[in-house]
Novice: 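Below you'll find the structure I mean.
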Protein chains: 2
Amino acid sequence: MSSERISDAELTIMEILWERAPLTATDVAARLPDDRDWSLPTVKTLLSRLLTKAAVEHRADGRRFLYSPLIDREDYVSHESKRLVDRLFGGRFMPLVAHLAEQEKLSDADISEIERLLREMKS
Amino acid sequence: MSSERISDAELTIMEILWERAPLTATDVAARLPDDRDWSLPTVKTLLSRLLTKAAVEHRADGRRFLYSPLIDREDYVSHESKRLVDRLFGGRFMPLVAHLAEQEKLSDADISEIERLLREMKS
DNA sequence: AATCTCCGACTACAGATGTAGTCGATTCGA
DNA sequence: TCGAATCGACTACATCTGTAGTCGGAGATT
């Protein structure tokens, strides 16, 4: 909800918390993906920025904090998708889908899979 | 191509040049959308940043410069779309479609359209 | 109790971004 | 020809972002 943008680095932290929460700062640092080899202070900085952005909350546990996401991944994903679509496709989702479908080399199997999914959706 | 990211403000300039080029800085400023009421110096700053990012080029015309885009809108759109899909959907196309369909961002008509598109691709 | 260790808070700092101002040179209009 | 308008170059500056360091205090260890 909060319209503060979440940066790339911050998103890395959010993904960790979305997968499992609550976690301490140290726990979060331990779960960083391999390509994000950050120091603990860095993780703490990012967590505190996420706190001020109201994207996560923390609860005291002894003298540590346990962090949990405050915003839903689904909501975030929707928000960012909409942002891209607004910026690049005049606000319409279809052109994005069409564009990606054209770009992507989908195998026949992929296509069948998507077709199946769509059929299910069309209820 | 050039992997330098184009910022939001810079994108506004690119859109103007994609629609019509070459243009002088003053021309660009004159074509700003209503919600971007920037001063001429601002436009010039953005143009020069785009120059160093090799996103536009300029050619002297008397004592002015005529600016033209160096990167294709299609390429940019592809790049940014892929970035979104990578960041939020693990690089896979189907989860995006599923997400959009679930959020009801896609109408039944859209879905039929996608199906048609897929059928065509399956050649 | 003295020390060590770990925590959160605060500070740091370079680069990117949004937004604009100044200034010397040039050209155009009178 | 002389001032006015205009141009590009350079400078400015607050905020955000990526990345990390320092420090005082609370707990744990001996």
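Computed from a prediction, not measured in an experiment: that's the story for all the values here. So you know, we letter chains A, B, ... as the sequences are listed, proteins then strands, and number each from 1.
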Novice: If you check every side-chain atom of B:Thr26, which of D:dC7, C:dT19, D:dA20 has the closest atom?
Specialist: D:dC7
Novice: Once rounded to the nearest 0.5 Å, what's the spacing between atom NE2 of B:His99 and atom CG of B:Leu96?
Specialist: 8.0 Å
Novice: Between atom CG in A:Leu46 and atom C1' in D:dC16, what is the gap in whole Å?
Specialist: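 Atom CG in A:Leu46 sits about 12 Å away from atom C1' in D:dC16.
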Novice: B:Arg87 vs B:Glu80, test: salt bridge (charged side-chain N to carboxylate O under 4.0 Å, His left out). Steps then yes/no.
Specialist: CA-CA 10 Å; B:Arg87 278 171 33 114; B:Glu80 288 300 302; over 6 Å; no
Novice: Can you say whether a donor on the side chain of B:Ser48 sits under 3.5 Å from an acceptor on the base of D:dA9, or the other way round?
Specialist: no
Novice: Can you tell me which nucleotide in D:dA20, D:dG27, C:dT26 comes closest to the side chain of B:Arg63?
Specialist: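 The nucleotide sitting nearest to the side chain is C:dT26.
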Novice: Atom CG of A:Leu66 to atom P of C:dC7: distance rounded to whole Å?
Specialist: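 For the pair A:Leu66 CG and C:dC7 P, the rounded distance is 12 Å.
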Novice: Under 4.0 Å, counting only non-hydrogen atoms across every strand here, what does B:Arg64 touch: a base, just sugar-phosphate, or nothing?
Specialist: sugar-phosphate
Novice: Determine: side-chain N/O of B:Lys44 to OP1/OP2 of C:dT22, distance under 4.0 Å, yes or no.
Specialist: no
Novice: CG of A:Leu51 versus P of C:dA9: gap in Å, rounded?
Specialist: 8 Å
Novice: Figure out the CD1/C1' separation between B:Ile6 and C:dT17, and round it to whole Å.
Specialist: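 Answer to the nearest Å: 14 Å.
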Novice: What nucleotide among D:dC7, C:dT19, D:dG21 has an atom nearest to a side-chain atom of B:Leu40?
Specialist: D:dC7
Novice: Between the base of C:dG18 and the side chain of B:Arg49, is there any donor-acceptor pair under 3.5 Å?
Specialist: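 Checked by distance alone, the answer is yes.
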Novice: Mind calculating the distance between CG (B:Leu47) and P (C:dG18) to the nearest angstrom?
Specialist: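 About 14 Å, once rounded to whole Å.
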Novice: Mind calculating the distance between CG (B:Asp8) and C1' (D:dT17) to the nearest angstrom?
Specialist: 15 Å
Novice: If you look at every strand shown and take non-hydrogen atoms under 4.0 Å, does A:Thr42 touch a base, only sugar-phosphate, or nothing?
Specialist: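 Since a base atom lies under 4.0 Å of A:Thr42, the category is base.
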Novice: Roughly how many Å is it from CG in B:Asp61 to C1' in C:dT26, rounded to a whole number?
Specialist: 15 Å
Novice: Taking only the side-chain heavy atoms of B:Phe65 (C-beta and beyond), determine which of D:dT17, D:dA20, D:dG8 contains the nearest atom.
Specialist: D:dG8
Novice: Can you tell whether the side chains of A:Arg119 and A:Glu115 come within less than 4.0 Å, N to carboxylate O?
Specialist: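 The answer is no: the pair does not qualify as a salt bridge.
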Novice: So that I can tick it off, tell me whether B:Glu15 and B:Arg73 are bridged by a salt bridge, with the cut-off set at under 4.0 angstrom between side-chain N and carboxylate O.
Specialist: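 Answer for the salt bridge query: yes.
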Novice: Take atom CG in A:Asp35; do more than 12 heavy atoms of anything else shown fall under 6.0 Å from it?
Specialist: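 Enclosed.
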Novice: How is B:Thr45 classified with respect to the nucleic acid when contacts are heavy atoms under 4.0 Å: base, sugar-phosphate, or nothing?
Specialist: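 Base contact.
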Novice: Reading DNA chain D from 5' onward, which residue's closest nucleotide shows up sooner: A:Ser7 or B:Ala25?
Specialist: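 By nearest-heavy-atom nucleotide position, the 5'-most residue is B:Ala25.
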Novice: Go through C:dG8, C:dG18, C:dT17 for me and flag the one nearest to the B:Arg5 side chain.
Specialist: C:dT17
Novice: How long is the line joining CG of A:Leu50 and C1' of C:dG8, in whole Å?
Specialist: 16 Å
